[in-house]
Structure formats: structure tokens, C-alpha cells
2 protein chains.
Amino acid sequence: MSDELDQTISTRLREADQRYTSGRRALVAALTAAGRPLTAAEVVGAGGLAQSSAYRNLAVLETCGVVLRVAGTDEFARFELAEDLTDHHHHHLICTGCGRVTDFTVSDDLERSLESAMDTVASSTGFAPDHHRLDLLGRCATCRTTGDGSEDRS
Amino acid sequence: MSDELDQTISTRLREADQRYTSGRRALVAALTAAGRPLTAAEVVGAGGLAQSSAYRNLAVLETCGVVLRVAGTDEFARFELAEDLTDHHHHHLICTGCGRVTDFTVSDDLERSLESAMDTVASSTGFAPDHHRLDLLGRCATCRTTGDGSEDRS
DNA sequence: ATTTATGCAAATCGTTTGCAAACCT
DNA sequence: AGGTTTGCAAACGATTTGCATAAAT
């Protein structure tokens, strides 16, 4: 992870009266290195901090807008760095076999269409859209060849 | 709910060696009447059956392709009738205040673009998309006027 | 020195499961 | 009767929390 990213995060935490501790740095490093949303278990494994600390820090980072919670299809919550930190607006490929979540992007045209759909909803209902979520559900290459969904959350 | 719908569901259950019991009928009726995804608690409240039976029947109906599990942003699972039973392809408005999920539709043009994005992913990666999920996250009219997210899952 | 973060173990809570009674065919 | 579904209460498991210690400022 770049020093610049670290600086931005540090500032964002300080603005919320939070410290950028070594544990939180480890956690951010794990998410950065992964390049895909990680489960709490994966974060714990990679970051080397206690489970409770991982959850607590993820909550802090989420509140400060550093980390985002990602909804998959299984029972595990997943976490990734906020998009405005990575400058990489993306969507998710969700494997219905193993639950793994990976990133993908769509054309600017499609993004614009999505934005316009949001505007339409905003003006035709009382709902005030904030952001959108576009996921593709299917089977990843591994689960397709392996036959079925035997997990590997390591 | 229409007799035709009941017929279809009955058939679909029978094909999986499952019965269309009164409890399951009540559950389907509750989902039909609601017209939006319901939490397990809401289903229990409306269907008048025990919690464990509700969960068990929802699982059976999900396996048989009658009911679909919907991911929101809160800790509650939500359920709705499968789209091919309602002939109503739709997406979800998810309120980040109260968690409530409602339906909305987009233009056929946008749907086609989404389909084409799926095809692109399919051919450029090993991932085999099955369906897509487009959600708009924001605040519902009630939560916007009420100020903030005080729950009402009744 | 005082406040905040950590790790452990216990608690929480939506969901799942074992089991005996009620139900359907 | 034979197999399935139901409701109750107990079990489960991911996540959260209480509390005493360690770290940061």
C-alpha cells in the first residue's frame, strides 16, 4: 500500500478522533493486498490480530469511511477498502458455490445509465438513492471445474 | 393470490417430492400480500406459524425455486416469491435507515445493457454469470422525514 | 497520567436442529 | 400404519461486548 493511501486514511481517522494504530494498519494492508473483499476470518488470518480486535477495527474503519461492508450470498460479512480510497469504482462477481467475491467493472455508458436510473427513482418516489450496487451471481472458474461448492476461505 | 399461482407452486413442490401444506400456503400468501421482501419475523407475524416452521418452510420453498432469499444491508434475511412466479422482473430499493426493501423496475434498455455486461464478463473471465442483482441504497421517505433509522419491522 | 486499543472469554441474537406429538394419504 | 410436518426448547455460529492489561499520547 502506498504512503499516500496511508496518509489519506490517517487523516480520515484523525478527523473522527480515531488513531491509526498498528492493528488498523495491518488490517488495511491485508485488504489492500487482497484486492478483493475479505471475510472477517480472512482478515484475522492475514492481519495477525485477535478476532474481537478485527471486528472492532473494521467497525471503526467502516464508520470513518475507510472500509465498506460487502453483502455476498453466504453467512459471512465481507470487507473492502472504500472506493474513493482506491479510485476504482467497481462491482462484484459473487460465486454461489464458494461465496468468493471478486471485482469487475462495466462500461462508462452502463454506469451513466445506472446513474440516470437512480435519478428517475429519486424523482418518481420518496426514496433518496445514495449509491447503487450491481452484482453478478454465478459460478467462478474454480467451482465450475471442481464440480461444486467446497469452501476454501483461507 | 391467484389459483393459477397456487397451481404452479403446487406442481413445483410436487416435482421435488414436497407437499403444499397449509403452513406453506399461509407463507406464500403472506409474501404475495406484502408485495415486497419480508423478514423471517414478518413472515412469522403474518403467517401465524411457529418460527422454526417458518424457517424450515422457507428453506424448502427456496430449494424448490418458489421463494428467493434477498440480501439487504442489515442482519435480517428477507424472502420474496421467485420472479418467474410473479412475472415481474425487478430490483430493490434498500433503505439504509430502517432496512426495508421495496421493489422497482428499470427500463428495458437498461436491462438489456445489464444482460450484455453479463455476457462480456462471461466471455472475458472464467466466471459464469447466472443472474444479476441491482440495488439502490438510500433513505426511504419515512426515514427521511422521521430524521433517522428507528426500526419498525412489524 | 490518562485515555484508547488489545486479547481473552463470555454473551448476544438470528437461525438451525432434535425430538415427540399432530397431520396427511 | 408409514412417512411428513409441526411446535417447543435447546443448540449453533458469526458477531459483539465486558473487563483487565498493554499501548499510545
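Just so it is clear, the model here is predicted, and its values are computed rather than measured. First the proteins, then the strands, lettered A, B, ... as listed; each starts at 1.
- Figure legend: cation-pi geometry between B/Arg25 and B/Tyr20, with NZ or CZ positioned under 6.0 Å from the six-membered ring centre and within 45° of its axis.
- Aromatic rings of A/His89 and A/His132 (six-membered ring for Trp) have centroids within the 6.0 Å cut-off, being under it.
- Classified by interplanar angle (parallel below 30°, tilted 30° to 60°, perpendicular above 60°), the ring pair B/Phe104/B/His91 is tilted.
- Residues B/Val101 and A/Val70 do not share a hydrophobic cluster, clusters being chains of Ile/Leu/Val/Met/Phe/Trp/Tyr side chains in contact below 4.5 Å.
- Atom CZ of A/Arg19 and atom C1' of C/dT6 are 12 Å apart (whole Å).
- The side chain of B/Ala50 approaches D/dG7 more closely than any other nucleotide in the set D/dG7, C/dA5, C/dG7.
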Donor-acceptor contacts under 3.5 Å from residues 113-129 of chain A side chains, at least two apart:
residue, atom, partner, partner atom, Å
A/Ser113, OG, A/Asp109, O, 3.1
A/Thr120, OG1, A/Ser116, O, 3.0
A/Ser123, OG, A/Asp119, O, 3.2
A/Ser123, OG, A/Thr120, O, 3.1
A/Ser124, OG, A/Thr120, O, 3.0
A/Thr125, OG1, A/Val121, O, 2.9
A/Thr125, OG1, A/Phe127, N, 3.1

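- Among residues two or more places apart in sequence or in another chain, the side chain to side chain donor-acceptor pair (under 3.5 Å) test is passed with B/Arg19 by none.
- Distance A/Gln18 CD to D/dT25 P: 13 Å, rounded to the nearest Å.
- Between the CD atom of B/Glu75 and the P atom of D/dG13 there is a distance of 20 Å, rounded to whole Å.
- Qualifying salt bridge (charged side-chain N to carboxylate O under 4.0 Å, His left out) partners for B/Asp87, counting only residues two or more places apart in sequence or in other chains: none.
- Rounded to whole angstrom, the span from the CZ atom of A/Arg78 across to the P atom of D/dT15 amounts to 10 Å.
- Atoms CG (A/Asp17) and P (C/dA5) sit 10 Å apart, rounded to a whole Å.
- Screening A/Asp84, A/Leu27, A/Ile9 against A/Val66 for a side chain to side chain contact (heavy atoms under 4.5 Å, CB included) leaves a single residue, A/Ile9.
- Near-neighbour residues of DNA chain D inside residues 52-61 of chain A, defined by a heavy atom below 4.0 Å, number-ordered: A/Ser52, A/Tyr55, A/Arg56.
- Within 4.0 Å of A/Gln51, counting heavy atoms only, lies at least one base atom of the nucleic acid.
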N/O donor to acceptor pairs below 3.5 angstrom from side-chain atoms of residues 47-59 of chain B, sequence neighbours left out:
residue, atom, partner, partner atom, Å
B/Asn57, OD1, B/Arg24, NE, 2.8
B/Asn57, OD1, B/Arg24, NH2, 3.4
B/Asn57, ND2, B/Ser53, O, 3.1

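- Atom CG in A/Asp74 sits roughly 14 Å away from atom P in C/dT15 (whole-Å rounding).
- In this structure, B/Arg24 atom CZ and C/dC23 atom P are separated by 16 Å, rounded to whole Å.
- Rounded to whole Å, the distance from CG on B/Leu49 to C1' on D/dC8 is 14 Å.
- Taking the screw axis at each terminus of the helix from C/dA1-D/dT25 to C/dT25-D/dA1 from five consecutive base pairs, the angle between the two is 30° to within rounding of 10 degrees.
- Contact annotation: A/Thr21 side-chain N/O to C/dT6 OP1/OP2 distance is under 4.0 Å.
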